[in-house]
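Single-structure report; data block below.
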Amino acid sequence: MSWFEEWFDSPLYEKIYADRNEEEAALLADLIQKIIPNSDYPEILDLGCGRGRHSINLANRGYHVTGVDLSEQAIKKAKRLASEDHLHDIRFLVGDMRDPLHREFDAILNLFTTFGYFLEDSENRKVLYNVSGMLKEDGIFIQDFLNPYFVNNTLVSREEGRYEDLQYEIERKIEDRMVFKKIRFTGDSLDEPVEFSERVKLYDLNWFENQLPTAGLKLKTCYGDYHGNPYKTDKSPRLIMVSTKEE
């Protein structure tokens, strides 16, 4: 089993990320709405939607959203949250981002660094090819990825915290152009310590500039944060790329 299948399906994942910044999510939704207004891009795919945080935010803004994620537990929770919000123009599916859906969308989103999980570059490139295949002509692809230079300059190698009765420790390192994270849980509710890992390829803008055209996608602009400021290599916390499908 791959690290992301094991970790993202674990109930402990929700505990460590329980306090994710909703204000930040709303800022990203504002930026997306400016780039792809729902009047022009009503049908969108949230590829790697997780527990539906961004999908639900956008559905509440009038988009018809399809969310896909490999984690069955994530999709189960996303469906529950959408139901609690009485949303009808939204659906969630369990699926691998390397396997295309047999339909097309006005826009596709890949948010919060839901990319670069696969060890082989060819597998990560396959995601870009699938995006192109699922986009309508003149469709928009918005990819919110980490800025590898910012990560390298600001990496916190160790931290710890507590959620309810659980203590967790996080260790981070950069090696072989990848960022690794090890998360270890201890607590009275656990029979023994539990450990998970994360791994993301540190692709830079140059990599995407080379790979997007091979997938039939043309990079149009880059933002460096959720406020929509221009991307700056050494300073921007994010690498947010907007591409169109080439004819």
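Quantities reported herein were computed from a predicted structural model and do not represent experimental measurements. Computed from heavy atoms alone, side chains included, the values below leave out hydrogens, waters and symmetry copies.
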Looking at [X] and [Y], does any basic side-chain N land under 4.0 Å from a carboxylate oxygen?
{"X": "Asp30", "Y": "Arg61", "answer": "yes"}
{"X": "Glu169", "Y": "Arg158", "answer": "yes"}
{"X": "Glu72", "Y": "Lys76", "answer": "no"}
{"X": "Arg103", "Y": "Glu43", "answer": "yes"}
{"X": "Glu171", "Y": "Lys181", "answer": "no"}
{"X": "Asp121", "Y": "Lys201", "answer": "yes"}
{"X": "Asp144", "Y": "Arg238", "answer": "yes"}

Interatomic spacing from [atom1] in [X] to [atom2] in [Y] - rounded to 0.5 Å:
{"X": "Thr154", "Y": "Asn152", "atom1": "OG1", "atom2": "CG", "answer": "8.5 Å"}
{"X": "Asn110", "Y": "Met97", "atom1": "CG", "atom2": "CE", "answer": "5.5 Å"}
{"X": "Thr113", "Y": "Leu239", "atom1": "OG1", "atom2": "CG", "answer": "9.0 Å"}
{"X": "Glu6", "Y": "Ser71", "atom1": "CD", "atom2": "OG", "answer": "12.0 Å"}

Quiz item: How about Arg177: does its CZ atom have over 12 heavy atoms from other parts shown lying under 6.0 Å from it?
Solution: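 Count not over threshold, so no.
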
Quiz prompt | Phe141 and Lys245: CA distance, side-chain angles, deciding distance, side chain to side chain contact (heavy atoms under 4.5 Å, CB included) verdict | solution = CA-CA 8 Å; Phe141 176 42; Lys245 182 174 180 178; over 6 Å; no

Quiz item: Just by distance, do the side chain of Asn38 and the backbone of Pro42 share a donor-acceptor pair under 3.5 Å?
Solution: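 No.
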
Quiz item: Does any donor atom in the side chain of Asp204 or Tyr149 lie under 3.5 Å from an acceptor atom in the other side chain?
Solution: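 Yes, side-chain donor-acceptor contact under 3.5 Å.
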
Exercise. Measure up the Phe8 and Tyr13 rings against each other and bin them: parallel (under 30°), tilted (30 to 60°), perpendicular (over 60°).
Key: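 Because their plane-to-plane angle is over 60°, the rings of Phe8 and Tyr13 count as perpendicular.
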
Quiz prompt | Least distance between heavy atoms, Leu31 atom then Gly228 atom | solution =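 Shortest heavy-atom contact: CD1-CA, 3.8 Å.
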
Quiz item: Applying the 4.5 Å side-chain criterion to the ILVMFWY set and letting contacts propagate, would Val200 and Met178 be lumped into a single cluster?
Solution: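 Different hydrophobic clusters.
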
Quiz prompt | Test side-chain hydrogen bond (donor to acceptor under 3.5 Å, both in side chains) applied to Tyr231 and Asn147, step by step | solution = CA-CA 9 Å; Tyr231 172 73; Asn147 176 3; 3.1 Å; yes

Quiz item: Are Lys79 and Phe92 in a cation-pi contact, defined as NZ or CZ under 6.0 Å from the six-membered ring centre and within 45° of the axis?
Solution: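 So Lys79 doesn't make the cation-pi contact.
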
